[in-house]
Amino acid sequence: MKKRTLLGAAISAVLASTLWPVATTAQEVTLKLHQFLPAPATVPKLILKPWAERVEAASDGRIKIEHFDAMALGGTPPSLMDQAIDGSADLIMTVVGYTPGRFPKTEVFELPFMMTDPIATSKAFMDLVETDLQGEEYKDVKILGAWVHGPGVVHSRNGVTKLEDMAGLKMRGPTRVITDMLRELGATPVGMPLPAIPEALSKGVIDGTVIPWEVTPAIKLSELIGHGTEFTNSKEALYTATIVLAMNKAKYDAMPDDLKAILDAESGQKLSEFAAQVMYERDNPGRELALSNGSEIIQLDEAEIARWKEKAQPVIERWKEEMAAKDIDGAALIEQARALIEKHGG
């Protein structure tokens, strides 16, 4: 019996020494994902967490993604991109326009009446990232996904039924391009990240905001203001905003090649299309909630929308001039973006 025990111990020791190098080669990577929305909002709940679960499953648990919602790691939404650059966070999700002027080519997708379809526009955005932007304005990070939200809606206290109703309204805008558009449309623009909207409305700092229906439940917007103006009678949306999932470059480069391949396979166009589709699909529940809370939804007709398009044209011309000052051919970039959107069915 004693002999058998000693023999078993010896075999176990040999097996352990044989298996040990295999165990140590299976490197594990933990990634901290930081973003500004509350955990129940569409993007963290229905996009980032399912994406992370797919990455973790495909890696057999060798990649672990920890979620830090609502700026839990500190800072403000405009600081998220810098957190990805300096490594304060390994992954960040942000609206690109929260850092005004730093990513000028990306702004092409935010121009008034540029977006025809959010899925096609998101795929076009990711195309441009892969062929151009990753090596230029995003050279300090690794972009894992790039997408846009559904059609922008004008939300106001008293209702906007025509262009003249915008005059003097203090309207929150998310990005530099969109606040410029609001100014051109007659409003007084107030730039601020999305989480600041409820308090700003409650304190009378703003009279309304432009956001898609999808995110309105997360900030209880229909409990604060009761009118939404849609541009559904137009082929193009009033506006959209650009969103990215970015990764610290050093963290990405340090990953084993097989884990990089797993991360890449779940990212890029696959993630961008998925994110855009989810956000677009969640517009309807947000709209239905607003209706159930007694909101009035106004749909502008084609003739009225044509007036808004004409009024917004100087925004596009100014943007081209600004791009020229940065040695960027804005007109050519607009045509490139439109061609990419059309290529993807928009």
Side-chain angles (χ1 to χ4, degrees), residues 42 109-122 148-175 177-189 194 197 201 206-241 276-316 338 341 345-346:
T42 297
F109 295 106
E110 297 182 356
L111 292 173
F113 299 100
M114 170 63 76
M115 185 188 83
T116 58
D117 173 87
I119 292 91
T121 304
S122 295
V148 301
H149 61 61
V153 178
V154 176
H155 302 269
S156 58
R157 293 190 192 280
N158 299 318
V160 171
T161 62
K162 58 186 182 300
L163 183 58
E164 288 76 11
D165 293 338
M166 292 288 285
L169 291 182
K170 294 175 290 184
M171 296 291 292
R172 172 265 180 185
T175 72
V177 170
I178 297 162
T179 54
D180 191 30
M181 178 191 73
L182 291 172
R183 183 181 296 107
E184 196 63 45
L185 294 173
T188 300
L194 185 139
I197 293 173
L201 281 169
I206 56 175
D207 301 310
T209 182
V210 286
I211 51 174
W213 285 115
E214 164 269 320
V215 77
T216 56
I219 59 170
K220 303 185 188 312
L221 188 69
S222 63
E223 297 176 20
L224 296 167
I225 51 177
H227 298 84
T229 301
E230 299 179 330
F231 293 72
T232 50
N233 289 310
S234 169
K235 180 186 173 186
E236 303 91 3
L238 172 66
Y239 87 95
T240 191
Q277 185 71 53
V278 170
M279 290 190 80
Y280 191 29
E281 288 175 353
R282 296 304 297 174
D283 274 344
N284 194 53
R287 187 180 191 273
E288 290 301 314
L289 178 62
L291 284 171
S292 69
N293 284 339
S295 293
E296 179 193 12
I297 295 179
I298 301 153
Q299 294 184 327
L300 301 184
D301 61 27
E302 290 182 34
E304 181 60 27
I305 293 170
R307 298 180 66 224
W308 290 60
K309 286 182 180 179
E310 183 180 357
K311 185 69 173 172
Q313 189 60 38
V315 176
I316 299 169
R338 284 180 175 151
I341 292 170

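One-based numbering along the sequence shown. This one's a predicted model, so the numbers in the text were calculated from it and none came from an experiment.
- For Phe231, the CZ atom is densely surrounded, since the number of other residues' heavy atoms within 6.0 Å is greater than 12.
- By the 4.5 Å heavy-atom criterion applied to side chains, Ile316 and Phe113 are not counted as neighbours.
- Residues Met171 and Met181 fail the side-chain proximity criterion, which asks for heavy atoms closer than 4.5 Å.
- Proximity of Leu169 to Asn158: side-chain heavy atoms (C-beta onward) are nowhere separated by under 4.5 Å.
- With hydrogens and angles disregarded, no donor-acceptor distance shorter than 3.5 Å links the side chain of His155 to the backbone of Val210.
- Among all heavy-atom pairs drawn from Ser156 and Gly159, the shortest one is OG-N, 3.1 Å.
- The CD1 atom of Ile219 sits 6.5 Å away from the OG1 atom of Thr209 when rounded to the nearest 0.5 Å.
- Separating the OG atom in Ser122 from the NE2 atom in His149 is a distance of 10.0 Å, to the nearest 0.5 Å.
- Looking at Asp165, its side chain does come within 3.5 Å of a backbone N or O of Lys162 through a donor-acceptor pair.
- Considering every non-hydrogen atom in both Ala241 and Ile178, the closest pair reads CB-CD1, 4.4 Å.
- Remark: side-chain polar atoms of Tyr239 are not paired, donor with acceptor, to backbone N or O of Met114 under 3.5 angstrom.
- Side-chain contact check for Leu289 versus Trp213: every heavy-atom pair is 4.5 Å or farther apart.
- A heavy-atom distance below 4.5 Å is found between the side chains of Ile197 and Ile211.
- Exactly one of Glu302, Glu236, Glu304 qualifies for a salt bridge (charged side-chain N to carboxylate O under 4.0 Å, His left out) with Lys309. That residue is Glu236.
- We find the CD-CD1 distance between Glu281 and Ile119 to be 7.5 Å, quoted to the nearest 0.5 Å.
- Counting all heavy atoms, side chain and backbone alike, Trp308 lies closest to Leu163 at NE1-N, 3.5 Å.
- Nearest heavy atom pair, residue Asp283 against residue Gly150, reads OD2-CA, 3.6 Å.
- Distance check, rounded to the nearest 0.5 Å: OG1 of Thr188 to CD1 of Ile206 gives 12.5 Å.
- In this structure, the separation between CG on Leu182 and CZ on Arg172 is 9.5 Å, given to the nearest 0.5 Å.
- Residue pairs meeting the salt bridge (Lys or Arg N to Asp or Glu O under 4.0 Å) criterion with at least one member in residues 212-227: none, sequence neighbours excluded.
- Enclosure of atom CD in Glu310 is not indicated, since only 12 or fewer non-hydrogen atoms of other residues, nucleotides or ligands lie within 6.0 angstrom.
- Note that CZ of Arg183 is 5.5 Å distant from OG1 of Thr179, once rounded to the nearest 0.5 Å.
- Under a 3.5 Å cut-off, the side chain of Asn293 and the backbone N or O of Ser295 do not form any donor-acceptor pair.
- For the pair His227/Val160, no side-chain contact is recorded, criterion being any heavy-atom separation below 4.5 Å from C-beta on.
- Under the 4.5 Å side-chain criterion, counting only non-hydrogen atoms from C-beta, Thr229 is not in contact with Thr161.
- Minimum interatomic distance between Val177 and Glu110 (heavy atoms only, all atoms of both residues): CG1-O, 3.7 Å.
- The minimum heavy-atom distance between Arg157 and Ile225, with the atom names listed, is CG-CG2, 3.5 Å.
- A distance-only check finds no donor-acceptor pair linking the side chain of Thr121 to the backbone of Pro118 [under 3.5 Å].
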